[in-house]
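Proteins get letters first, then strands, A, B, ... in listed order; numbering begins at 1 in each.
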Amino acid sequence: MPELPEVETIKRGLEKFVVGKKIAKVEVLSPKVVKEPAVKEFVRRLAGKTVKQVLRKAKLLILKIEGGEYLVVHLRISGWLTYGSPDKKARVRFIFSDKSCLNYMDSRLLGELRLRSEFESLPFFKKLGPEPFELTLEGFKNLLKSRKTKIKALLMDQHLISGIGNIYAAEALFAAKISPLRPALSLTDKEAQSLYKSIINILNQAIKYKGASVDTYRDLQGNKGGMDKHLKVYGRQGQRCFLCGAVLKKVNIGGRSSVYCPKCQK
DNA sequence: AATGGGACCTGCGCGC
DNA sequence: TGCGCGCAGGTCCCAT
């Protein structure tokens, strides 16, 4: 579900509704999603603690908890959070002292919750490349240099550049008029610059629209994101390109479906 | 180094 | 209506 813009939207919601709240009780309905520590310990250590701050790194959400602990949330594909009253489909419920509730939702159970005294040593965190916002144009060009991998696969490789997933990789490549199948090293300086700018623009636009609700994603209050309506290629295979009218094509790249305009994107 | 496949999971929409 | 299949916004791990 969530790429950087969706996670950023959730982060802002948490800042508004959850920071400063005291966790009275944690209910773990699906123990599978709690990766560390053991569920009993997880619940015990959170009870009575206040949420101090929310951080985001790429698609990772990090809640700083009173007493020097961090609740690290990776939503993976189908995770999302709602704030309000307890949800019967929740996998984990964080009930606050004012009776309000933060629900961790995750139909496919692929997401992960961790409670740790720090998050920097988490293997996934350590291997995370810079976000597009932390990368200069030169830094971006250096990533492409000498890499034969398909440009779309590179954009989604979190070790190299983090926060971009299947939707925004497809959209940025369309905006830059570059085929997702091109080897990264084949991009000219001009193309690399155009792609770099497109990535930043698309992510900022998506944040502005509070994410895309192609599937189950909702913000904390249950509202859909507004970015769906602005997607030009993602999920539009077989339909016509808004620019040239050609039929959009779907190919498989790195095990993910990738939609693009064979006429506009060279 | 790069790519392809499978694994982890559930649930939805589609065609028959 | 019911069933099987393909597919889904992520990441890891293995084989080649």
A:Leu61 atom CG is separated from C:dG10 atom C1', nearest whole Å, by 15 Å
Run the numbers on A:Glu69 and A:Arg45 for salt bridge (charged side-chain N to carboxylate O under 4.0 Å, His left out), then give the verdict. CA-CA 9 Å; A:Glu69 294 214 272; A:Arg45 275 171 30 197; 2.7 Å; yes
Mark up nucleotides 8-13 of chain B, 5' to 3', with B wherever a protein heavy atom is under 4.0 angstrom from a base atom, S wherever such an atom reaches only the sugar-phosphate, and - elsewhere. BBBS--
So, are A:Asp189 and A:Lys141 salt-bridged, with charged N and O less than 4.0 Å apart? yes
Separation of atom CH2 in A:Trp80 from atom P in C:dG10, rounded to whole Å: 18 Å
When you look at A:Arg44 and A:Glu41, which way does the salt bridge (charged side-chain N to carboxylate O under 4.0 Å, His left out) test go after all the steps? CA-CA 5 Å; A:Arg44 190 186 65 74; A:Glu41 182 72 1; 3.1 Å; yes
Heavy-atom check, side chain of A:Arg56 versus side chain of A:Glu131, under 4.5 Å: yes
Rounded to whole angstrom, note down the P distance from C:dC5 over to B:dG6. 15 Å
On a whole-Å scale, what distance lies between the P atoms belonging to B:dA1 and C:dG10? 25 Å
Sort out for me which residue in A:Lys59, A:Lys32, A:Arg76 forms a salt bridge (Lys or Arg N to Asp or Glu O under 4.0 Å) with A:Glu112. A:Arg76
Measuring only between side-chain heavy atoms, which start at C-beta, is A:Leu55 closer than 4.5 Å to A:Leu60? no
What pairs of donor and acceptor atoms, side-chain ones from residues 259-266 of chain A against any protein atom, are under 3.5 angstrom apart with sequence neighbours left out?
unit_1   : atom_1 : unit_2   : atom_2 : d
A:Gln265 : OE1    : A:Cys261 : N      : 2.8
A:Gln265 : NE2    : A:Leu173 : O      : 3.3
A:Gln265 : NE2    : A:Ile178 : O      : 2.8
A:Lys266 : NZ     : A:Pro262 : O      : 3.1

In whole angstrom, give the distance that lies between atom CD1 of A:Ile253 and atom P of C:dG10. 14 Å
Atom-to-atom span, CE of A:Met156 to C1' of B:dA2 - whole angstrom: 16 Å
Rounded distance in Å - CD1 (A:Ile164) to P (C:dT11): 12 Å
A:Leu203, A:Ile200: one ILVMFWY side-chain cluster at the under-4.5 Å cut-off? yes
Is there a side-chain contact between A:Leu4 and A:Ile207 in this structure, where contact means two heavy atoms from C-beta onward sitting under 4.5 Å apart? yes
Would you mind listing every ring pair (Phe, Tyr, Trp, His ring centres under 6.0 Å) that reaches into residues 14-66 of chain A, with sequence neighbours excluded? A:Phe17-A:Tyr83
Between NZ of A:Lys57 and P of C:dT11 the distance, given in whole Å, is 13 Å
Rounded to whole Å, CG of A:Asn166 lies from P of C:dC7 at a distance of 13 Å
Students often get this wrong, so: under 4.0 angstrom with heavy atoms, is A:Phe124 touching a base, only sugar-phosphate, or nothing? sugar-phosphate
Side-chain N,O (A:His159) to OP1/OP2 (C:dT11) below 4.0 Å: no
Point-to-point distance, once rounded to the nearest 0.5 Å, from CD1 of A:Ile161 to CG of A:Leu143: 6.0 Å
N/O to N/O distances under 3.5 Å, protein versus nucleotides 14-16 of chain C:
none

Min side-chain heavy-atom separation A:Ile23-A:Phe96 under 4.5 Å: yes
Rounded to the nearest angstrom, tell me the gap between atom CG in A:Leu122 and atom P in C:dT11. 12 Å
Dot-bracket pairing map - DNA chain C, Watson-Crick plus G-U, both contacts under 3.5 Å, | cross-strand: .|||||||.|||||||
Within residues 139-153 of chain A, the residues having a heavy atom closer than 4.0 Å to DNA chain B are A:Ser146, A:Arg147, A:Lys148, A:Thr149, A:Lys150
Output for pair (A:Leu14 CG, A:Leu102 CG), nearest 0.5 Å, gives 6.0 Å
Any A:His74 side-chain nitrogen or oxygen under 4.0 Å from OP1 or OP2 of C:dT11: yes
Other residues, nucleotides, ligands: >12 heavy atoms within 6.0 Å of A:Lys35 NZ: yes
A:Gln158 side-chain N/O to C:dT11 phosphate OP1/OP2 under 4.0 Å: yes
